[in-house]
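Structure first, commentary second.
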Amino acid sequence: MNHWLMKSEPDTFSIDDLARKRREAWDGVRNYQARNYMRDAMKTGDPVFFYHSSCAAPGIAGIAAVASAAYPDPTQFDPRSPYFDPGSSRDDPRWMLVDVKFVRKLKRIITLDELKTHRALAAMPLLQRGTRLSVQPVTKAQWDFILALE
DNA sequence: GCCAACGTTGGC
DNA sequence: GCCAACGTTGGC
């Protein structure tokens with residue numbers, strides 16, 4: 001089992017939105033490394049930190065879980081979608097996604113500022129300068145450390 | 001809204 | 001295959 005962190009802008013889709021919908025297709029990822037993680041390494045049941053980005057208080061807001069195997073992101077075929085990719089085809093889809101299901105909100109948002117203060121977390125891609133990966137692995141040690149902060 | 005950092009595109 | 005230009009991410 002692998003652990004993950006997935007970013008979402010709460011103005012677009014927040015942990016509360018996931019709590020209400022229970023389950024969501026994680027569409028719109030258009031970065032090859034993030035896609036590869038979803039396609040090649042994620043397994044149903046893997047735990048996921050739900051991270052709020054591009055907002056007043058960026059940080060980890062809740063826990064989700066991978067809820068499907070990877071399958072083609074339908075938005076890539078939809079000319080009306082902002083995620084439409086004319087270079088992709090149904091025969092050879094470029095972008096894959098997984099479904100994610102709600103597990104729980106954290107008791108409080110563990111902010112990016114707080115994460116930065118812990119040396120045990122210094123290796124997280126999230127904290128590396130310039131890293132923008134929206135789907136990234138979290139080690140078991142990092143996962144446990146962060147949950148203990150809650 | 002700014003801008004640093006990064007990934008992708010496309011001309012050559 | 002190089003690399004400049006461009007678009008995007010995301011913290012601040």
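The chains referred to below are lettered A, B, ... by the order of the sequence lines, with proteins before strands, and numbering in each begins at 1.
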Quiz prompt | Residue pair A:F145 / A:H118, side-chain heavy-atom distance below 4.5 Å | solution =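 Yes, their side chains come closer than 4.5 Å.
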Quiz item: Do A:E24 and A:D99 come close enough that some side-chain heavy atom pair is under 4.5 Å?
Solution: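 The answer is no; the side chains never approach within 4.5 Å.
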Grab the N/O contacts between the protein and nucleotides 10-12 of chain C below 3.5 Å, and write none if there aren't any.
{"unit_1": "C:dG10", "atom_1": "OP1", "unit_2": "A:K7", "atom_2": "NZ", "d": "2.8"}
{"unit_1": "C:dG10", "atom_1": "OP1", "unit_2": "A:R132", "atom_2": "O", "d": "2.5"}
{"unit_1": "C:dG11", "atom_1": "OP1", "unit_2": "A:Y51", "atom_2": "OH", "d": "2.8"}
{"unit_1": "C:dG11", "atom_1": "OP2", "unit_2": "A:S54", "atom_2": "N", "d": "2.9"}
{"unit_1": "C:dC12", "atom_1": "OP1", "unit_2": "A:K116", "atom_2": "NZ", "d": "2.5"}

Quiz prompt | A:R90 charged N/C atom sitting above A:F77 aromatic ring, 6.0 Å / 45° | solution =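 Yes; both conditions hold, so A:R90 lies above the ring face of A:F77.
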Donor-acceptor under 3.5 Å ([X] side chain, [Y] main chain):
X     : Y     : answer
A:S54 : A:E9  : no
A:R30 : A:Y83 : yes
A:S14 : A:D16 : yes

In this structure, how many angstroms lie between the [atom2] atom of [N] and the [atom1] atom of [X], rounded?
X      : N     : atom1 : atom2 : answer
A:Q33  : C:dT9 : CD    : C1'   : 14 Å
A:R30  : C:dC6 : CZ    : C1'   : 19 Å
A:L127 : C:dT9 : CG    : C1'   : 16 Å
A:Q128 : B:dA4 : CD    : C1'   : 16 Å

